[in-house]
Amino acid sequence: MIIKCIAIDDEPLALKIIEKYVSDLPTIEMISTFPDAISAIEFLENESVDLIFLDINMPKLSGINFVKSLTSMPHVVFTTAYPEYAVEGFELQAIDYLLKPFSFDRFIKAVKKAEEKISICAAPPKSHLFIKSEKKYYRIEHNDILYLEAYGDYVKVFTKNKMLLTKQKLSVLEKELPSNYFMQIHRKYIVSIDAIDYVEGNALKVGKEKLPISEGCRVFVFNKLKPN
């Protein structure tokens, strides 16, 4: 299982340290970083992540109030230079509380706690999902899916044999797809990694279509596809 994470901190150096620590671990991937909590809100409305490394003492919106504002409670590891926030952090069921400056060894312990927690919460893996389209529920095998495209309030699900239009959010369907085999390449697109023919510049070919890779997803996509 690969943990998808983001980091939110108003200190650029703190973000760089977390990014470096994450890059040195094989079980966790950094999807994006944010200099404040407000800029992360819109991202989380459209994307799903497993874990947030979250500073507490930030301008405009603190990490504590940011977590309280979310309708879907994510797994959180708080990172802060202020130990007095620890009690409130754990009251929000944070996985861990990293006091700055924290070492790589201490960071690893937090990640291990996150892996255990996420693994316990994870539902048994499925090989399919159900799509409601035109008043019918279609069973779609994961290995039949080529890609998904956000289309206004709908999502187009392209399989090897057909296209289904369903009134669901892309972020909701992403949670039902195994992250080892699917990845988001753009705010509008999720693709099956096995269905990719090739990558060229800022696009990749799936089936008969060339799909754009957004600038924000570019590093993640190429890290995902590069040989081990």
Counting only heavy atoms not in [X], do more than 12 sit closer than 6.0 Å to its [atom1] atom?
X	atom1	result
K205	NZ	yes
R106	CZ	yes
Y154	OH	no
K188	NZ	no
K169	NZ	no
Y181	OH	no

Give the intermediate values and the outcome of side chain to side chain contact (heavy atoms under 4.5 Å, CB included) for residues V191 and L211. CA-CA 9 Å; V191 303; L211 306 178; 3.6 Å; yes

Specify the closest pair of heavy atoms between [X] and [Y], including all atoms of both residues, with the distance to one decimal.
X	Y	result
V67	V76	CG2-CG2, 4.1 Å
D197	G207	OD2-O, 3.5 Å
G201	R218	O-NH1, 3.2 Å
M58	G63	CE-N, 3.9 Å
I3	A114	CD1-C, 4.3 Å
K175	S48	CE-CB, 3.5 Å

Starting at [atom1] of [X], measure out to [atom2] of [Y] and round the result to the nearest 0.5 Å.
X	Y	atom1	atom2	result
I118	I2	CD1	CD1	11.5 Å
E115	T27	CD	OG1	3.5 Å
L164	I140	CG	CD1	5.0 Å
F66	D55	CZ	CG	12.0 Å
S32	I8	OG	CD1	9.5 Å
S192	N143	OG	CG	8.5 Å

With distance as the sole test, does [X] use its side chain to make a donor-acceptor pair with the main-chain N or O of [Y] at under 3.5 Å?
X	Y	result
S133	L165	yes
E11	L13	no
T166	I131	no
K100	A14	no

[X] vs [Y] side-chain heavy atoms within contact, under 4.5 Å:
X	Y	result
P35	D10	no
E141	S127	yes
D9	F34	no
V199	L225	yes
L54	I6	no
L99	F78	no
I28	L51	yes
L148	Y189	no

Report the C-alpha distance between T33 and E19 in whole Å, list the side-chain angles of each, state the deciding distance to 0.1 Å, and finish with yes or no for side chain to side chain donor-acceptor pair (under 3.5 Å). CA-CA 8 Å; T33 61; E19 281 188 286; 4.5 Å; no

Cluster link [X] to [Y], ILVMFWY, side chain under 4.5 Å:
X	Y	value
L170	M163	no
I17	L15	no
F182	I31	no
F158	L129	no
V219	I213	no

State whether K20 and D24 are salt-bridged, where the test is any N-O pair (Lys NZ or Arg NE/NH1/NH2 against Asp/Glu carboxylate O) under 4.0 Å. yes

Regarding K4 and E174, does a basic nitrogen lie under 4.0 Å from an acidic carboxylate oxygen? yes

Going by distance alone, is a donor N or O of one side chain under 3.5 Å from an acceptor N or O of the other, for S171 and E47? no

Taking the six-membered ring for Trp, are F130 and Y138 ring centroids under 6.0 Å apart? no

I want to know whether F53 and F107 have ring centres closer than 6.0 Å. yes

Go through the steps to decide whether D36 and L61 satisfy the test side chain to side chain contact (heavy atoms under 4.5 Å, CB included), and finish with yes or no. CA-CA 8 Å; D36 57 73; L61 183 64; over 6 Å; no

With side chain to side chain contact (heavy atoms under 4.5 Å, CB included) as the test, would you mind laying out the steps for V157 and V155 before giving the verdict? CA-CA 6 Å; V157 180; V155 171; 4.2 Å; yes

Report the C-alpha distance between Y21 and I108 in whole Å, list the side-chain angles of each, state the deciding distance to 0.1 Å, and finish with yes or no for side chain to side chain contact (heavy atoms under 4.5 Å, CB included). CA-CA 8 Å; Y21 285 174; I108 290 174; over 6 Å; no

Testing I193, I190, L177 for side-chain contact (heavy atoms from CB on, under 4.5 Å) with M183, which one passes? I193

